[in-house]
Amino acid sequence: MSTPDRIDDVDALRGFALLGILLVNIMAFASAFYGLEIADPAFGSILDRSVHFVIALFFEMKFYLLFSFLFGYSFTLQMRSAEKSGEAFVPRLLRRQMGLWLIGLAHAVLLFHGDILTTYAVLGIALLMLRNRSDAALFRLAKWLVLLLALVWGALGILITLDPVPLDRSAILSAAEAAELAFRGDWQAVIGQHLTELNSVWIILVLLQAPCALAMFLLGLIAGRRKTLARSEENKALFQRLVRTGLWVGLPGAVIYAFVSVEMPESPIAVIALSIGLATGPLLTGAYVGGMMLLFGSKAGHGLRNLLAPAGRMALSNYLMQSLLMALIFHGYGLALIGQVSPLVTVLIALAIFAAQLVISRWWMARFAYGPLEWILRFITIGRVPQWRRPAEAR
């Protein structure tokens, strides 16, 4: 059962985003070759490539954007919550972002170097500074962030294509093998490899993910101001347009990105395909938002919304739990199966984890007001001990 301040559709969308994030992240846990210029030589069959194609087509560079959009939307809910409680919003948000950054830092060092929370914590400050801009100004900024980023990567791709640099396959293989060995080692080796990976991951975050995430923050802020997701009946036409645009523009761009990244990862054309994916990814993400909102509004979609919403209410705890479980499966913390599980089995593991999280989240949220990490973050945010257990009459 939700509280009056919650929007079930927003929570359900966040639960849906958790699935997409999991399916992408588990590929990085399962193989040290993920994201490199060459494919994992141990898994190069048609089936393996097909699985990677589906993940790249529907999930890569789309679901962290969905998470980002919802972050911006929830920003407006936090503003209203602070206003209702009579508290100053800026100090409250700064405490929240600091707490989020600390949680993200621990996540990046201990569990997964691909953490997004630290980036969100920093970008949240930028969102705070931009919160008083008009909707039109925010939309223009979001549009230009995406377009300029895509143009920069496209230009880089053209330059590389015109003057290609031979790929040092042996160096890439050696680096992947060393990473795999480290991830199979003890906790010191795993943490050491995370720290090593962070030296290069920040480049991807700053030059790739952060601008797109900020753009989606801004779009979420606009939608939150207009209460777009809370007024689903009034916005059916908008959701339908989002679906059409995503299918006609976003999906073809995703097909180009997915095909080249899976079948031609060593080609300099891959960078051009990446730029196309950057430009069209937000449109496919928009289609996911529109499609899911239309589905949630139907009689058949009510059950799905109710299934996903509890997981979305404790999204932070579920996100960290996903990384913990994947670390226990693939890294030296547990079974050390990195490099030994096929892409298809990896996807099945992800689906099993998510199914378990749906069940656990439903049980937990029926009894407690917050997820474990949400409770900690709220304690940091409001500066006092929040309610823990849900009142009996609300269960």
Side-chain angles (χ1 to χ4, degrees), residues 10-11 13-29 35 59-75 77-78 92-128 190-191 194-195 197-218 220-221 285 311-327 331 353-354 357 361 370-382:
V10 175
D11 290 326
L13 277 174
R14 197 176 287 111
F16 177 55
L18 279 170
L19 173 60
I21 294 289
L22 173 59
L23 286 168
V24 173
N25 287 352
I26 200 169
M27 293 296 167
F29 274 91
F59 300 97
E60 286 181 7
M61 299 202 305
K62 288 89 180 177
F63 275 79
Y64 89 91
L65 295 180
L66 176 55
F67 234 69
S68 303
F69 171 80
L70 294 171
F71 185 101
Y73 195 99
S74 297
F75 184 89
L77 303 181
Q78 293 160 22
R92 179 169 165 156
L93 184 89
L94 291 176
R95 290 194 298 268
R96 179 181 177 83
Q97 297 308 106
M98 177 56 70
L100 191 64
W101 187 84
L102 291 173
I103 292 171
L105 181 64
H107 178 230
V109 173
L110 299 176
L111 297 176
F112 183 41
H113 55 269
D115 167 78
I116 195 67
L117 299 179
T118 50
T119 303
Y120 279 12
V122 174
L123 292 180
I125 306 301
L127 189 63
L128 178 66
V190 173
I191 291 176
H194 284 152
L195 294 173
E197 299 280 357
L198 286 171
N199 287 329
S200 56
V201 165
W202 73 268
I203 300 175
I204 297 174
L205 291 174
V206 172
L207 300 181
L208 197 67
Q209 287 189 331
C212 290
L214 180 56
M216 297 305 287
F217 277 18
L218 300 176
L221 179 59
T285 299
R313 291 184 193 119
M314 49 185 293
L316 179 61
S317 295
N318 279 322
Y319 173 64
L320 272 292
M321 180 57 68
Q322 288 174 357
S323 292
L324 176 60
L325 292 174
M326 290 186 289
H331 291 171
I353 290 174
F354 187 68
Q357 288 189 310
S361 298
Y370 304 97
L373 285 171
E374 284 76 10
W375 186 90
I376 293 173
L377 188 59
R378 183 159 181 80
F379 173 70
I380 295 171
T381 301
I382 65 177

Check: From Leu117 CG over to Leu320 CG, what is the distance, rounded to the nearest 0.5 angstrom?
Finding: 6.0 Å
Notebook entry, point to check: Which is it for Phe29 and Phe112 under the ring pair (Phe, Tyr, Trp, His ring centres under 6.0 Å) test, yes or no, and what are the steps along the way?
Noted result: CA-CA 8 Å; Phe29 274 91; Phe112 183 41; 4.8 Å; yes
Margin query: For Met216 versus Thr285, what's the shortest heavy-atom pair and its separation?
Written below: CE-CG2, 4.0 Å
Next item on the list: Look only at the side chain of His113 and the backbone of His194, and say whether a donor-acceptor pair between them is shorter than 3.5 Å.
Entry: no
Notebook entry, point to check: Do the side chain of Thr381 and the main chain of Arg92 share a donor and acceptor less than 3.5 angstrom apart?
Noted result: no
Item checked: Contacts of type side chain to side chain donor-acceptor pair (under 3.5 Å), residue Thr119, not counting sequence neighbours -> none
Notebook entry, point to check: What are the two closest non-hydrogen atoms of Tyr120 and Tyr64, and how far apart are they?
Noted result: OH-O, 3.0 Å
Check: Rounded to the nearest 0.5 Å, how far apart are CG of Leu373 and NE2 of His107?
Finding: 10.5 Å
Checklist line | Atom pair CG/CD of Leu23 and Gln322 - distance to nearest 0.5 Å | finding: 9.0 Å
Next item on the list: Answer whether the closest heavy-atom distance between the side chains of Gln97 and Ile125 falls below 4.5 Å.
Entry: yes
Checklist line | Check: Ser74 and Arg14 side chains under 4.5 Å, non-hydrogen atoms | finding: yes
Check: Between Gln357 and Asn318, is there a donor-acceptor pair closer than 3.5 Å when you use the side chain of the first and the backbone of the second?
Finding: yes
Checklist line | Non-hydrogen side-chain atoms of Leu18 and Phe67 separated by less than 4.5 Å | finding: yes
Notebook entry, point to check: Considering only heavy atoms from C-beta outward, does the side chain of Leu377 approach that of Tyr370 to under 4.5 Å?
Noted result: no
Checklist line | Parallel, tilted or perpendicular: ring planes of Tyr73 versus Phe69, cut at 30 and 60 degrees | finding: tilted
Check: Atom CZ of Arg378 and atom CD1 of Ile376: how far apart are they, to the nearest 0.5 Å?
Finding: 14.0 Å
Notebook entry, point to check: Hey, what do you get for CG (Leu94) to CZ (Arg96), rounding to the nearest 0.5 Å?
Noted result: 12.5 Å
Check: How many angstroms lie between atom CG of Leu102 and atom OG1 of Thr118, to the nearest 0.5 angstrom?
Finding: 10.5 Å
Notebook entry, point to check: What heavy-atom pair brings Leu93 and Gly124 nearest, and what distance separates the two atoms?
Noted result: CD2-O, 4.0 Å
Notebook entry, point to check: Can you tell if the side chain of Leu19 reaches within under 4.5 Å of the side chain of Phe63, non-hydrogen atoms only?
Noted result: no
Check: If you take all heavy atoms of Trp101 and Val122, which pair is closest and at what distance?
Finding: CD1-CG2, 4.3 Å
Checklist line | Close side-chain approach of Leu123 and Leu127, heavy atoms under 4.5 Å | finding: no
Next item on the list: Would you mind reporting whether Phe71 and Leu100 have side-chain heavy atoms less than 4.5 Å apart?
Entry: yes
Notebook entry, point to check: Any donor-acceptor pair under 3.5 Å linking the side chain of Glu374 with the backbone of Leu316?
Noted result: yes
Next item on the list: Specify the closest pair of heavy atoms between Ile380 and Gly99, including all atoms of both residues, with the distance to one decimal.
Entry: CD1-CA, 3.9 Å
Note to self: Quick one, Met326 with Leu22, criterion side chain to side chain contact (heavy atoms under 4.5 Å, CB included). Give me CA distance, side-chain angles, the key distance, then yes/no.
What the structure shows: CA-CA 9 Å; Met326 290 186 289; Leu22 173 59; 3.7 Å; yes
Item checked: Considering all heavy atoms, the nearest Cys212-Leu65 contact -> CB-CD2, 3.7 Å
